Visitor: 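First the structure, then my questions, so here it is.
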Amino acid sequence: MTDSLLLVSVTDRVATVTINRPDKLNALNAAVFDALATTFPALEARADVGAVVLTGAGRAFVAGADIAELATLDPSALEALSLRGQAVMRGIERLKKPVIAAVNGFALGGGCELALCCHVRVASTKASFGLPECKLGLIPGYGGTQRLPRLIGRGNALKLLLTGAAVDGAEAYRLGLAQALAEPDALLGTATALATTMLSNGPLALAAAITTVDAGLDLPLDASLAAEARAFGALANTADMREGTRAFMEKRPAQFRGA
Ligand code: COA
């Protein structure tokens with residue numbers, strides 16, 4: 001069952017993961033979370049995959065947590081659901097391969113939060129981003145209250161949170177919520193091209209860049225700079241670093257091996 005909820009295809013080292021519950025606008029129920037929780041580590045382990053593009057089937061990226069599931073829960077069950085969703089999204093955020101959200105349509109509530117845990121977001125002009133939980137008498141529970149202000153600033157984040165209003169792809173791009181904007185029929189191509197550009201770089205360097213940014217954002221600057229220096233130094237042990245610098249001097253493309 002989980003297989004059909006997430007469609008996975010791999011071309012030229014880019015895995016495209018499509019959330020496939022279009023009749024419910026890809027709402028995140030327990031089964032979708034289970035599928036995400038097993039699929040991403042499996043992609044991290046695959047040698048033929050270097051980057052992931054995450055998108056949704058039909059007219060939504062993800063229209064949120066499954067409200068039908070939420071409505072029945074008591075406080076401890078709701079908290080447990082929040083912790084589960086947070087853990088799955090943190091796992092995606094910590095993947096050592098680039099993850100790009102290709103936001104094709106509604107990215108509301110948990111869908112916006114899922115896009116936020118990806119490393120980069122490409123928005124369709126038809127996308128719609130928002131955190132409407134306050135309209136349901138709730139707040140975001142999958143990291144939205146924390147990742148959105150870190151990405152677009154406290155004032156912009158609180159405006160979206162407190163109004164519950166959605167913004168389109170162009171406004172998301174202007175706010176810095178999305179890092180690229182594409183017409184709907186160019187969305188996957190744009191996201192894949194971005195992934196392919198990343199894949200021309202050293203995979204160990206990509207992993208170190210993701211890890212260093214992730215770990216450093218919440219540390220005091222002196223501590224995060226020290227962590228950067230350690231990661232920078234550790235890369236000197238890699239054949240990829242030697243190959244990358246030699247290729248530059250020899251004026252040829254580098255051939256990275258991930259070692
Ligand atoms: N959870 C569960 N089901 C959802 C859902 C969600 N978050 N979002 C949409 N659906 C379901 C609808 O119930 C409907 O199912 P049905 O056909 O069995 O009735 C189906 O998906 C299509 O949605 P519908 O509302 O008919 O489409 P629309 O085009 O009229 O509206 C939205 C689209 C996105 C504006 C609307 O679905 C919506 O507001 N969804 C909830 C968004 C939200 O609050 N997310 C945060 C949750 S914490």
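Both ligands and their constituent atoms are indexed starting at 1 by order of listing. Predicted, not measured: the structure shown is a model, and the values here were computed from it.
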Visitor: Can you pull out the closest protein heavy atom to atom 16 (P) of ligand 1? Residue, atom name and distance to 0.1 Å, please.
Guide: Lys24 NZ, 3.6 Å

Visitor: Look at atom 21 (O) of ligand 1 and say whether a protein heavy atom is found at less than 4.0 angstrom from it.
Guide: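 Yes, there is one.
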
Visitor: Check each atom of ligand 1 against the heavy atoms of Phe106 and keep those under 4.0 Å away; list them by number with element.
Guide: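 Counting atoms of ligand 1 from 1, those under 4.0 Å from Phe106 are 33 (C), 34 (C).
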
Visitor: Quick one: does atom 31 (O) of ligand 1 have a protein heavy atom under 4.0 Å from it?
Guide: no

Visitor: Which heavy atom of the protein is the closest neighbour of atom 29 (O) of ligand 1, given with residue, atom name and distance?
Guide: Arg59 NH1, 2.8 Å

Visitor: From the options Val49, Asp48, Val99, Thr38, select the one residue that forms a side chain to side chain contact (heavy atoms under 4.5 Å, CB included) with Leu43.
Guide: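 Testing Leu43 for a side chain to side chain contact (heavy atoms under 4.5 Å, CB included) against Val49, Asp48, Val99, Thr38 leaves exactly one candidate, Val49.
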
Visitor: As a test of the contact definition, would atom 36 (C) of ligand 1 count as having a protein heavy-atom neighbour under 4.0 Å?
Guide: no

Visitor: Among Ala63, Gly105, Ala27, whose heavy atom sits nearest atom 45 (N) of ligand 1?
Guide: Ala63

Visitor: For ligand 1, indicate whether the residue Lys135 contacts it via side chain, backbone, both or neither (heavy-atom separation under 4.0 Å).
Guide: neither

Visitor: Could you give the distance from OG1 (Thr238) to CD (Glu243), rounded to the nearest 0.5 Å?
Guide: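 The CD atom of Glu243 is 10.5 Å from OG1 of Thr238, to the nearest 0.5 Å.
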
Visitor: Can you tell me if Arg154 has over 12 outside heavy atoms packed within less than 6.0 Å of its CZ?
Guide: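 No, CZ of Arg154 has 12 or fewer neighbouring heavy atoms, counting only those of other groups under 6.0 Å.
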
Visitor: Can you tell which part of Leu136 has a heavy atom less than 4.0 Å from ligand 1: side chain, backbone, both or neither?
Guide: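 Looking at Leu136 and ligand 1, just side chain atoms fall under 4.0 Å.
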
Visitor: Sequence neighbours left out, what pairs pass ring-ring contact (aromatic ring centres under 6.0 Å, His included) with at least one residue falling in residues 169-220?
Guide: none

Visitor: Using a strict 4.0 Å cut-off to heavy atoms of Pro132, name the atoms of ligand 1 that fall inside it.
Guide: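 By the 4.0 Å cutoff, the relevant atoms are 43 (C), 44 (O), 45 (N), 46 (C).
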
Visitor: Considering heavy atoms of the protein only, find what lies nearest to atom 23 (O) of ligand 1 and give residue, atom and distance to 0.1 Å.
Guide: Leu25 CD1, 3.5 Å

Visitor: Calculate, to the nearest 0.5 Å, the distance between atoms SG and CG belonging to Cys117 and Leu54 respectively.
Guide: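 Cys117 SG to Leu54 CG: 8.0 Å, rounded to 0.5 Å.
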
Visitor: Quick one: nearest non-hydrogen protein atom to atom 39 (O) of ligand 1, plus distance?
Guide: Leu108 CD1, 4.8 Å

Visitor: Using the salt bridge (charged side-chain N to carboxylate O under 4.0 Å, His left out) rule, take Asp185 and Lys126 through it: C-alpha gap first, then chi angles, then the decisive distance, then the call.
Guide: CA-CA 10 Å; Asp185 57 3; Lys126 291 271 171 63; over 6 Å; no

Visitor: Are any of the protein's heavy atoms under 4.0 angstrom from atom 7 (N) of ligand 1, yes or no?
Guide: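 True for atom 7 (N) of ligand 1.
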
Visitor: So is there a nitrogen or oxygen of Ile67 less than 3.5 Å from a nitrogen or oxygen in ligand 1?
Guide: yes

Visitor: Atom CG in Leu36, atom CG in Leu6: separation rounded to 0.5 Å?
Guide: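 Taking CG in Leu36 and CG in Leu6, the distance rounds to 5.0 Å.
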
Visitor: Starting at NZ of Lys135, measure out to CD of Glu133 and round the result to the nearest 0.5 Å.
Guide: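 The CD atom of Glu133 is 11.0 Å from NZ of Lys135, to the nearest 0.5 Å.
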
Visitor: Does some non-hydrogen atom of the protein lie less than 4.0 angstrom from atom 25 (O) of ligand 1?
Guide: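 Not a single protein heavy atom is under 4.0 Å away.
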
Visitor: Please write down residue, atom name and distance for the protein heavy atom closest to atom 14 (C) of ligand 1.
Guide: Asp23 O, 4.4 Å

Visitor: Hey, is atom 12 (C) of ligand 1 under 4.0 Å from any protein heavy atom?
Guide: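 Within 4.0 Å: no protein heavy atom nearby.
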
Visitor: I need the Glu250 CD to Thr245 OG1 distance, nearest 0.5 Å.
Guide: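 Those atoms lie 9.5 Å apart.
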
Visitor: With rounding to the nearest 0.5 angstrom, report the CG to CG distance, Leu116 to Leu151.
Guide: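 If I round to the nearest 0.5 Å, the distance is 6.5 Å.
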
Visitor: Is there a protein heavy atom less than 4.0 Å away from atom 43 (C) of ligand 1?
Guide: yes

Visitor: For Asp214, what residues pass the side chain to side chain contact (heavy atoms under 4.5 Å, CB included) criterion, not counting sequence neighbours?
Guide: Arg90, Glu93, Arg94

Visitor: Near Asp218 CG, under 6.0 Å, is it more than 12 heavy atoms from other residues, nucleotides or ligands?
Guide: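 Check passes, neighbour count above 12.
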
Visitor: With nothing but distance in play, are any N or O atoms of Ala65 less than 3.5 Å from an N or O of ligand 1?
Guide: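 There is such a contact, yes.
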
